[in-house]
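Here's the structure, in structure tokens; my notes come after.
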Amino acid sequence: DAGVIQSPRHEVTEMGQEVTLRCKPISGHDYLFWYRQTMMRGLELLIYFNNNVPIDDSGMPEDRFSAKMPNASFSTLKIQPSEPRDSAVYFCASLTGGGADEQFFGPGTRLTVL
Amino acid sequence: QKEVEQNSGPLSVPEGAIASLNCTYSDRGSQSFFWYRQYSGKSPELIMSIYSNGDKEDGRFTAQLNKASQYVSLLIRDSQPSDSATYLCAVTPTGGFKTIFGAGTRLFVKA
């Protein structure tokens, strides 16, 4: 299996622009997680899905952030409008469920908002 | 108070020594406990999980859990320079997957 796939790997944008991050989980995994990692705040869970349904979005920082999972093999995290404080590494992770709870992380997207 | 606390380090140990990493958590209802390793510029990878009080060993790694003290630790025996990384403690509450990560402890193993 190719593992969790994220795109783009790096994104540089200007304040106010819309940013869309993409994730393809491992095939057969029922859970998908979006995290943000910064030096100041560490690794924070933003939202997670089970069978394409959002289960907990309490970590989403504000209305500028939205996440969707239209099918089992694709999810997006959108920031509109972006701000410099959104600069971080965004990780997607997936988990098989059914008693197993190891999360497999993608390589991350490094976002820089100027 | 942070939900999962770790000493940020850096922790420096000589090659071949035992590295001891510690973590405390605030939610007494937590049921699942994990240690992830993260190399610089890379994504976290799971190295140990533990669910009940006591020790769990896997090769050079031993995880220890004490729920009464709300304390989790990771011991790395015969430390190698390749163990140099940031180690993240993670805790998941009952009935869900809302995993809370600590800030991580940076470990340096000197050759």
>> Rounded at 0.5 Å granularity, tell me how far CD in A/Gln103 sits from OG in B/Ser49.
In response: 12.0 Å
>> Using a 4.5 angstrom heavy-atom cutoff, name the option from B/Gly41, B/Pro44, B/Gly104 with the most pairs to chain A.
In response: B/Pro44
>> If hydrophobic clusters are built from ILVMFWY residues whose side chains come within less than 4.5 Å, do A/Val89 and A/Val113 share one?
In response: no
>> Quick check on B/Gln38 against chain A: is it the side chain, the backbone, both or neither that has a heavy atom closer than 4.5 Å?
In response: side chain
> When rounded to the nearest 0.5 angstrom, what is the spacing between CD in A/Gln37 and OG in B/Ser43?
Replying inline: 9.5 Å
> CG of A/Asp63: more than 12 outside heavy atoms within 6.0 angstrom?
Replying inline: no
>> So, taking the atom named CZ in A/Arg41 and the one named CZ in B/Phe101, what distance separates them when rounded to the nearest 0.5 Å?
In response: 15.5 Å
> Among the clusters formed by ILVMFWY side chains lying less than 4.5 Å apart, do B/Leu21 and B/Phe61 turn up in the same one?
Replying inline: yes
>> Using side chain to side chain contact (heavy atoms under 4.5 Å, CB included), reason through A/Asp101 and B/Thr92 one step at a time and then give a plain yes or no.
In response: CA-CA 10 Å; A/Asp101 54 11; B/Thr92 302; over 6 Å; no
> Under 4.5 Å between side-chain heavy atoms, hopping through other hydrophobics if needed: is there a path connecting A/Leu21 to A/Met15?
Replying inline: yes
>> Does A/Glu14 have more than 12 heavy atoms from other residues, nucleotides or ligands lying within 6.0 Å of its CD?
In response: no
> Which value, rounded to the nearest 0.5 Å, describes the distance between A/Tyr31 atom OH and B/Phe97 atom CZ?
Replying inline: 4.5 Å
> What distance do B/Thr86 atom OG1 and A/Leu43 atom CG have between them, rounded to the nearest 0.5 Å?
Replying inline: 11.5 Å
> With a cut-off of 6.0 Å (strictly less than), are more than 12 heavy atoms of other residues, nucleotides or ligands near CZ of A/Arg64?
Replying inline: yes
>> Side-chain heavy atoms nearer than 4.5 Å, only ILVMFWY residues, links allowed to pass through others: does that put A/Tyr48 and A/Ile79 together?
In response: no
>> Can you tell me which portion of B/Lys98 sits under 4.5 Å from chain A's heavy atoms? Options are side chain, backbone, both or neither.
In response: both
> Would A/Tyr35 and B/Thr99 count as a side chain to side chain contact (heavy atoms under 4.5 Å, CB included) if you check the C-alpha gap in whole Å, the side-chain angles of each, and the deciding distance to 0.1 Å?
Replying inline: CA-CA 10 Å; A/Tyr35 290 90; B/Thr99 306; 3.7 Å; yes
> Same cluster or not: are A/Phe91 and A/Leu46 linked, directly or through other Ile, Leu, Val, Met, Phe, Trp or Tyr residues, by side-chain heavy atoms under 4.5 angstrom apart?
Replying inline: no
> Could you give the distance from NZ (B/Lys42) to CZ (A/Phe105), rounded to the nearest 0.5 Å?
Replying inline: 15.5 Å
> Between B/Ile100 and chain A, which part of the residue has a heavy atom less than 4.5 Å away: side chain, backbone, both or neither?
Replying inline: neither
